[in-house]
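Got a structure for you, written out below as structure tokens; questions coming shortly.
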There are 2 protein chains.
Amino acid sequence: MAYNKTLPKRSEDLSQWYNAIVLQAELAEYGPAKGTMIIRPYGYAIWEEIQRQLDQKIKADGVENAYFPLFIPEALFNREKEHVEGFSPELAIVTIGGGEELSEKLAIRPTSETIICESFSRWVQSWRDLPIKINQWANVVRWEKRTYMFLRTSEFLWQEGHTIHATHEEAWGMVLKAMENYTTLYQEVMAMPGIVGRKSETEKFAGADVTLTYESLMAEGKALQSCTSHDLGQNFARAFDIAFQDRTGGRQYVWQTSWGLSTRAIGGLIMLHGDDRGLKLPPRIAPIQVVILPVRNEEPLLEFSRSAADQLSQAGFRVKVDDREDESLGRRINKWEVKGVPIRIEIGQREMESGDLKAVRRDTGEVVSIRLGSLVNQIQELLDQVQNSMYAEAERFLQENTREANSYQEFKDIMTGPRGFIRALWCEDAACEAKIKEETKATTRCLPLDAPEENGTCIGCGKPAKHRWYFGQAY
Amino acid sequence: MAYNKTLPKRSEDLSQWYNAIVLQAELAEYGPAKGTMIIRPYGYAIWEEIQRQLDQKIKADGVENAYFPLFIPEALFNREKEHVEGFSPELAIVTIGGGEELSEKLAIRPTSETIICESFSRWVQSWRDLPIKINQWANVVRWEKRTYMFLRTSEFLWQEGHTIHATHEEAWGMVLKAMENYTTLYQEVMAMPGIVGRKSETEKFAGADVTLTYESLMAEGKALQSCTSHDLGQNFARAFDIAFQDRTGGRQYVWQTSWGLSTRAIGGLIMLHGDDRGLKLPPRIAPIQVVILPVRNEEPLLEFSRSAADQLSQAGFRVKVDDREDESLGRRINKWEVKGVPIRIEIGQREMESGDLKAVRRDTGEVVSIRLGSLVNQIQELLDQVQNSMYAEAERFLQENTREANSYQEFKDIMTGPRGFIRALWCEDAACEAKIKEETKATTRCLPLDAPEENGTCIGCGKPAKHRWYFGQAY
């Protein structure tokens, strides 16, 4: 079987493999300006599928889509103190417009809390106006000098949800619901298991009271923050004067949330699944679920292939017949392996005459016999199997690479060795967190919401500690 | 019947009415930075419906969605001479990133030809790689000091299609196909008739050989360029060296197209339809097609209303029950009239008991009897009637306001009087075009593709003229 000899081995250098696979699978490429990327059709189709599935869930929660401007006047951006301190170093600034120096500089949104708060303050008067639940699909910019495609780019695409509520309880429910939607997307669609928990005070969003995160574990044992959901408390409400008249006639500040998932999710998807031959896409997110390859470019084979593909398309599967005549069968097999299509069916004379087809699973290489007469049912079953087994495999990896450390030496050994997640007692002190980071490159990833209280001592400084946090080296 | 007395009369001042209706119907509002707008959920839902319907058509033509960066390095932007001359005065420029002055300034895309050409030049080698057909849904920025919501804003949303082909014939076919898709969207979905034709040399896109346009006529007799489709010839191909090896082994430049439709379409939709009471939305684009109003906030009426709405929702209609208890029936009627919902059904005790419902058409005010037992069929029929009659009404308006002028005096009289479109012989000389514009505010709008050849004299200068062009005062 042919495979691409120029592809770096994933097992030897994940990061080189990653860059090569993004380019060779035609997912994305570097943009002409530093820090930017071009999302090519095959990569963008994954984003469209994420959008389609997540947008449904978001709307089902009564959230409405809207669109706010790219440009935020500096004075507006500077209104919430922690927020501006957190984001200022990453801003891109427009200083010239229509050939003239601008009197007020415009920040390009790194996130839209400030500009949306300015509207919220006008939209809400009474408790009857609440909740207001807004989402937008947009591009944002956070300055980066070095591009790591999908994972770290100056401009990226995302959705950002912004909601305001009359009570903290209701807002907290939204924070959890958003994270539940993300968790469903990651686990059931993208086959990416992960840990849900809250961020430490140092790691949380600039301006939030509490940040929830979904932390995935990549193949070389590094953690990826895959999305976040923030309880903003009344911080922005106070800074932007977003208040309402309650049922008793009193004036109260609203309780606010925001939550986002970006094209970084695609980076995690590529990084987590895959092997030395290329990408592996879980069927529920794959732009092409089944590729059919006529072994030769001859009319009866082509016709048979197209008719099988039509059957599958009509049943709702995403199918492609690759009959490109200037590419050998081997080259075409290689191409679709690199691109990670979950199931491949080759059609030759024998298959056409007998109706006995062979489907090859991209995830395991297993060959499965399929009868033409039960094509649709068997493919459905097989795609479900691939989906489930890819999730199970990733879950097994996560479990095997999550370790408890009960001494700092043990902690350091794990972080210089296999890495992965470490569960360890921590005092929640920022100075201790900084020391651990400096000495081990590991940061606190999160504290699961249902973490039991313990009575122990901190892994880093030996002071009393109550909870076992997740640690890991991050992207 | 209640109506909003604060709404300026459309018949007296279209532009004031327009601004008021955009705000009161909660379609959009001014953004904090000059020239920007916030698209609110009700306005954005119209955009989502345009996206959904147009995206299907675009993909059916084999065009794939992708995403290119917001930032274009100045050197790249400057490579095609006419293009840079046309767009430079409108650019927003980023000069600071990550706290530092940038060594190369970044233009924010006003359109993406240059950055996409840079990729095309790498993606294409052989005739086998052609055609390449790309589309992106994105925000672009063309500097404006004064905001006219939807119609003229610094930042707007659009789709931009970019394709390259081996022959001019094939490229021209794409230019026509894109315009055909737009025409279908405007006529069959948005009930906006218009004239398809090519732009004059002065009015065409900077960098194009030929620009096709769809020109609509608004209520006060002004023309709106509602979308464009460009034959770029080999202009960008030469500037960016986009060439391929043809079947005979020779090297040729590709033939290129680009075409776009923006949120400006929503401006035309609002401007064209409507009356002194508010907006009128054609059913096929309306975010809410039927609104059901229980006359009082009482349980049996609410339940009956919800059950009728469920029937309609399940049949695929976009329905809303408005049972907001702090608003009188009159206020709710007014609200949905302002928002232009095509059909309104009020539910009282009598309607509930008899099953005889009354549907009120927003376009004509006509009241139609509906039997509960045939609700779905009758609503479908009624929505189709509203759609067709709104188109017929707009078409009648367009015809009545398209006049032939055979002398310059007649031309001037029409442009100081009723305005509208004028069909007149023109010499196609740019100086003559400029003179007509200065003296009458009318510009050439387009020359229909099938315009017959005549032998006459130019309306402006008396020189020989072969074709009857459309003229009009533009937004």
Side-chain angles (χ1 to χ4, degrees), chain A residues 29 31-45 47-48 64-73 75-76 88-100 104-106 108 115-116 118-119 122-123 126 128 134 136 138-139 141 143-145 153-155 157 263 324 326, chain B residues 29 31-45 47-48 64-73 75-76 88-100 104-106 108 115-116 118-119 122-123 126 128 134 136 138-139 141 143-145 153-155 157 263 324 326:
Chain A
E29 60 185 31
K34 265 186 211 167
T36 65
M37 71 183 285
I38 292 159
I39 307 180
R40 299 188 68 174
Y42 194 60
Y44 197 77
W47 184 238
E48 284 186 302
E64 295 180 301
N65 284 342
Y67 188 77
F68 288 79
L70 178 69
F71 296 143
I72 306 179
L76 187 62
S88 276
E90 303 180 4
L91 292 182
I93 310 274
V94 175
T95 62
I96 299 169
E100 289 171 20
E104 180 168 38
K105 292 176 188 166
L106 299 174
I108 296 187
I115 200 161
I116 292 181
E118 200 274 326
S119 284
R122 283 178 287 107
W123 293 353
S126 130
R128 290 179 193 274
I134 296 286
Q136 77 174 358
N139 54 344
V141 173
W143 202 258
E144 296 282 355
K145 283 188 179 160
T153 51
S154 287
E155 181 191 12
L157 304 182
T263 37
R324 191 155 162 159
D326 62 323
Chain B
E29 60 186 32
K34 266 185 210 167
T36 65
M37 72 182 285
I38 293 159
I39 308 180
R40 300 189 67 173
Y42 194 61
Y44 197 77
W47 183 239
E48 283 185 305
E64 294 180 302
N65 284 342
Y67 188 78
F68 288 79
L70 179 70
F71 296 142
I72 305 179
L76 186 62
S88 276
E90 302 180 4
L91 293 182
I93 311 273
V94 175
T95 61
I96 299 170
E100 290 171 18
E104 181 168 37
K105 292 176 189 167
L106 300 173
I108 297 187
I115 200 161
I116 292 181
E118 200 275 325
S119 285
R122 284 178 288 107
W123 293 353
S126 129
R128 290 180 194 275
I134 296 285
Q136 77 174 359
N139 54 344
V141 172
W143 202 259
E144 295 283 356
K145 283 189 178 160
T153 52
S154 287
E155 182 191 11
L157 304 181
T263 37
R324 191 154 163 163
D326 62 322

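Reckoned from all heavy atoms, side chains included, excluding hydrogens, waters and symmetry mates. Proteins come first, then strands; the chains are lettered A, B, ... in the order of their sequence lines, and each starts at number 1. Since the model is a prediction, treat every value here as computed from it, not as a measurement.
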### Task
Specify the closest pair of heavy atoms between B:Asn65 and A:Glu48, including all atoms of both residues, with the distance to one decimal.
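The pair with the smallest heavy-atom distance is ND2-OE2, 2.8 Å.
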### Message
Using a 4.5 angstrom heavy-atom cutoff, name the option from B:Glu118, B:Arg128, B:Glu90 with the most pairs to chain A.
### Response
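Most heavy-atom pairs within the cutoff with chain A belong to B:Arg128.
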### Query
Is chain B contacted by the side chain of A:Lys34, its backbone, both, or neither, given a heavy-atom distance below 4.5 Å?
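No part of A:Lys34 comes within 4.5 Å of chain B.
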### Query
What's the spacing between A:Met37 CE and B:Phe68 CZ if we round to 0.5 Å?
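Going from CE on A:Met37 over to CZ on B:Phe68, the span is 11.5 Å.
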### Contact class of A:Trp123 relative to chain B, heavy atoms under 4.5 angstrom
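Side chain of A:Trp123 only, per the 4.5 Å heavy-atom cut-off to chain B.
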#### Entry: Contact leader toward chain A among B:Ala45, B:Ala66, B:Pro32, B:Ala33, where contacts are heavy-atom pairs under 4.5 Å
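That would be B:Ala66.
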### Task
Against chain B, label A:Ile134 side chain, backbone, both or neither, depending on which of its atoms sit under 4.5 Å from a heavy atom there.
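Side chain of A:Ile134 only, per the 4.5 Å heavy-atom cut-off to chain B.
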### Contacting moiety of A:Glu144, where chain B heavy atoms sit under 4.5 Å
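Contact with chain B involves no heavy atom of A:Glu144 at all.
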### Query
Are any of the side-chain heavy atoms of A:Tyr67 and B:Thr263 separated by less than 4.5 Å?
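SC-SC contact between A:Tyr67 and B:Thr263 ruled out.
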### Task
Go through the atoms of A:Glu100 and report whether side chain, backbone, both or neither lie under 4.5 Å from a heavy atom of chain B.
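For A:Glu100, the contact with chain B is made by the side chain alone.
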### Task
Would you give the length of the straight line joining atom CD of B:Glu64 to atom OH of A:Tyr44, rounded to the nearest 0.5 angstrom?
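Taking CD in B:Glu64 and OH in A:Tyr44, the distance rounds to 13.0 Å.
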### Task
Output the option from B:Ile108, B:Leu106, B:Leu157 having the highest count of non-hydrogen pairs under 4.5 Å with chain A.
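Greatest number of close heavy-atom pairs with chain A: B:Leu157.
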### Nearest heavy-atom neighbours spanning A:Pro69 and B:Gly31
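Closest heavy-atom pair between A:Pro69 and B:Gly31: CG-CA, 4.3 Å.
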### Message
Heavy-atom pairs under 4.5 Å with chain B - which of A:Ser119, A:Gly35, A:Ala138 has more of them than the others?
### Response
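Option with the top pair count is A:Ser119.
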#### Entry: Region of B:Glu29 in contact with chain A, defined by heavy-atom distances below 4.5 Å
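Just its side chain gets close to chain A.
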### Message
How long is the straight-line distance from OG1 of A:Thr95 back to NZ of B:Lys105, given to the nearest 0.5 Å?
### Response
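The NZ atom of B:Lys105 sits 7.5 Å away from the OG1 atom of A:Thr95.
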### Task
Identify the two heavy atoms, one from A:Glu155 and one from B:Leu70, that lie closest to each other, and give their separation to 0.1 Å.
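The pair with the smallest heavy-atom distance is OE1-N, 2.8 Å.
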### Message
Nearest 0.5 angstrom please: A:Ile72 CD1 to B:Thr36 OG1, how far?
### Response
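Spacing of CD1 (A:Ile72) from OG1 (B:Thr36) equals 10.0 Å.
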### Query
Contact part of A:Leu76 toward chain B, heavy-atom cut-off under 4.5 Å: side chain, backbone, both or neither?
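Contact with chain B: side chain only.
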### Task
Measure A:Pro89 against the heavy atoms of chain B and call it side chain, backbone, both or neither at under 4.5 Å.
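Just its backbone gets close to chain B.
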### Task
Measure the acute angle between the ring planes of A:Trp143 and B:Phe71, then classify it against the limits of 30° and 60° as parallel, tilted or perpendicular.
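Answer is tilted, since the angle falls between 30° and 60°.
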### Task
Give the C-alpha distance, both sets of side-chain angles, the deciding distance and a yes or no for side-chain contact (heavy atoms from CB on, under 4.5 Å) between A:Val94 and B:Val141.
CA-CA 12 Å; A:Val94 175; B:Val141 172; over 6 Å; no
### Query
What residue, out of B:Ser88, B:Gly43, B:Pro41, B:Gly99, has the most heavy-atom pairs lying under 4.5 Å from chain A?
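Sorted descending by pairs with chain A, the first entry is B:Pro41.
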